[in-house]
Visitor: 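Handing you a structure now.
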Amino acid sequence: MLAYVGRRMLFAFFTILAVSAVVFIIFSFLPFDPAALTCGQRCTKSIVEANRIRLGLDKPLLEQYWLFISGIFVGRTYGAGSAAFSCPAPSFGYSFNENACVTNMITEALPITIQLAVGALLLWLAVGLGLGIVAAKFKNRWPDTSSSVFVLLATSLPTFVTGLALLIWVSIKWKLIPLALTGYTSFFENPYKFFQYFILPWITLAIAYAALYTRFTRSALLETLGEDYIRTARAKGVGERKVFFKHTFRAVLAPIITLAGLDFAGLIGGAIITETIFNLPGLGRLTLRSVYEFDLPVVLATTILAAVVVIVMNLIVDMFYAVLDPRVRIK
């Protein structure tokens with residue numbers, strides 16, 4: 001098991017390194033000058049050149065990449081002399097638009113996105129798996145039909161429609177949740193306000209994803225229940241509950257974990273539409289704002305971060321696979 005985990009971690013490390021290099025090269029060949037984007041309308045050539053030197057953009061591409069990577073581990077100093085300033089490790093660059101280290105901006109936005117993604121994940125797994133199991137056990141009966149109606153409606157509605165509908169009905173018409181909350185509050189400071197802040201975004205994302213998981217769980221369970229080893233277990237007198245949870249559901253759980261891991265990683269990259277509708281200052285909204293403002297250091301950092309999250313989640317999923325199915329650990 002340790003050898004398997006070691007191999008997967010080593011592969012993930014080199015994959016992250018390769019992805020960061022590719023993204024860095026792509027951003028280096030964009031058809032505009034990054035240094036010219038660091039000052040406003042009164043920008044002069046001397047200011048542009050000074051900013052180019054301070055950011056290290058005057059150096060060869062390979063050296064720029066090395067400075068970027070080393071800054072993640074040891075921090076980075078920009079400029080020299082009295083005009084020098086530093087961003088401590090892990091440093092993902094400096095934003096002249098916001099006059100702040102990119103890491104500080106990500107540190108403020110990332111916890112909100114993580115809590116949004118975790119809450120939505122738990123909610124859509126509970127709803128999706130629950131409805132999928134009920135639909136499979138009552139195939140072609142009214143619970144199955146009801147779940148099919150839910151799947152049809154949920155997949156037909158875009159996320160922005162669901163979010164706006166919840167906002168209009170729950171906050172404006174019924175006034176159950178304040179329309180304009182004063183800002184993010186930690187769960188440990190005020191659990192009630194914390195849930196007020198996140199409940200509608202959680203439901204918005206959960207409705208969209210739960211439909212997919214309901215359909216997937218139902219079809220996977222019905223397919224597995226028709227396998228020969230399930231019929232053999234029943235013929236040997238194994239109880240129906242044990243057949244379902246030990247043999248059937250465990251076999252279905254592996255692909256569901258893969259799907260959930262990738263969907264979760266996608267949300268960590270930023271649920272842009274949901275964060276925009278509910279005014280959540282998360283990573284998705286930060287990325288969108290940076291794209292509008294051509295804040296390249298922030299866009300570069302969030303792009304690499306999103307790729308790293310996907311790779312890490314794939315690594316975690318692989319480890320879960322090894323726990324659920326020992327055959328995965330075989331070379």
Side-chain angles (χ1 to χ4, degrees), residues 14-73 75-80 83-87 89-110 113 159-160 265-276 281-312:
F14 284 108
T15 304
I16 291 173
L17 197 62
V19 167
S20 66
V22 171
V23 173
F24 191 87
I25 291 172
I26 291 174
F27 273 78
S28 299
F29 284 98
L30 290 176
F32 41 76
D33 185 6
L37 301 174
T38 59
C39 52
Q41 296 180 350
R42 298 180 179 179
C43 197
T44 63
K45 289 185 178 180
S46 59
I47 295 177
V48 171
E49 290 303 316
N51 287 343
R52 190 190 311 279
I53 295 172
R54 294 171 77 186
L55 292 175
L57 297 174
D58 59 321
K59 297 179 172 57
L61 182 60
L62 186 61
E63 187 175 352
Q64 290 182 41
Y65 178 67
W66 169 249
L67 290 173
F68 177 78
I69 293 298
S70 61
I72 296 175
F73 296 97
R76 186 171 174 181
T77 299
Y78 297 91
F85 57 92
S86 299
C87 291
S91 171
F92 285 96
Y94 184 83
S95 169
F96 272 94
N97 289 18
E98 301 293 333
N99 291 319
C101 296
V102 175
T103 303
N104 295 338
M105 300 170 65
I106 293 177
T107 302
E108 293 176 0
L110 186 58
T113 299
T159 305
F160 70 89
L267 285 182
I268 293 297
I272 296 176
I273 295 176
T274 304
E275 290 181 0
T276 302
L283 199 62
R285 207 179 73 168
L286 173 64
T287 305
L288 186 64
R289 187 185 69 193
S290 302
V291 170
Y292 288 153
E293 298 175 354
F294 290 97
D295 199 346
L296 291 187
V298 180
V299 179
L300 173 64
T302 54
T303 303
I304 292 177
L305 180 62
V308 169
V309 170
V310 172
I311 294 170
V312 171

Visitor: Can you establish whether the number of heavy atoms outside Phe294 located under 6.0 Å from its atom CZ is more than 12?
Guide: no

Visitor: Let me confirm one number: the CD1-OG1 distance from Ile311 to Thr15, rounded to the nearest 0.5 Å.
Guide: 5.5 Å

Visitor: Determine the minimum heavy-atom distance between Val19 and Ala307, stating which atoms define it.
Guide: CG1-CB, 3.4 Å

Visitor: With no hydrogens and no angle check, just 3.5 Å: does a side-chain donor-acceptor pair link Tyr65 and Ser20?
Guide: yes

Visitor: Taking side chain as C-beta onward, heavy atoms only, is Phe92 less than 4.5 Å from Leu300?
Guide: no

Visitor: Using distance alone, with no hydrogens and no angle criterion, decide if Ser86 and Thr77 have a side-chain donor and acceptor under 3.5 Å apart.
Guide: yes

Visitor: Can you tell me how far CG of Leu288 sits from OH of Tyr292, rounded to the nearest 0.5 angstrom?
Guide: 4.0 Å

Visitor: Hey, could you give me the CD1/OG1 distance between Ile26 and Thr303, rounded to the nearest 0.5 Å?
Guide: 9.5 Å

Visitor: Taking C-beta and beyond as the side chain, do Ile272 and Arg285 meet within less than 4.5 Å on heavy atoms?
Guide: no

Visitor: Taking the side chain as every heavy atom from C-beta outward, state whether Pro34 and Leu57 have any atom pair closer than 4.5 Å.
Guide: yes

Visitor: Answer yes or no: is there a side-chain heavy-atom contact under 4.5 Å between Ile304 and Phe27?
Guide: no

Visitor: Provide the closest heavy-atom pair for Arg54 versus Phe96 in the form atom of the first, atom of the second, distance.
Guide: NH1-CE2, 4.0 Å

Visitor: Kindly give the heavy-atom pair with the smallest separation between Met105 and Ser95, and that separation in Å.
Guide: SD-CB, 3.8 Å

Visitor: Is any side-chain heavy atom of Arg52 less than 4.5 Å from a side-chain heavy atom of Asp33?
Guide: yes

Visitor: If I take atom CG from residue Leu110 and atom OG1 from residue Thr302, how far apart are they, to the nearest 0.5 angstrom?
Guide: 11.0 Å

Visitor: List the atom of Gly71, the atom of Arg76, and the distance in Å for their closest heavy-atom pair.
Guide: CA-CB, 4.3 Å

Visitor: Students often mix this up, so state it plainly: with edges at 30° and 60°, are the rings of Tyr78 and Tyr94 parallel, tilted or perpendicular?
Guide: tilted

Visitor: Could you tell me whether the side chain of Thr103 and the main chain of Pro90 form a donor-acceptor pair under 3.5 Å?
Guide: yes

Visitor: Could you tell me whether the side chain of Asp295 and the main chain of Arg289 form a donor-acceptor pair under 3.5 Å?
Guide: no

Visitor: Specify the closest pair of heavy atoms between Ser290 and Val299, including all atoms of both residues, with the distance to one decimal.
Guide: CB-CG2, 3.6 Å

Visitor: Tell me the closest heavy-atom pair linking Leu283 and Ile268, and the distance in Å.
Guide: CD2-O, 3.4 Å

Visitor: Examine the side chains of Thr113 and Glu275 and answer whether a donor and an acceptor come within less than 3.5 Å of each other.
Guide: yes

Visitor: Is there side-chain contact between Leu37 and Leu296, with at least one heavy-atom pair below 4.5 Å?
Guide: yes

Visitor: Between the main-chain N or O of Ala271 and the side-chain N or O of Thr274, is there a donor-acceptor pair closer than 3.5 Å?
Guide: no

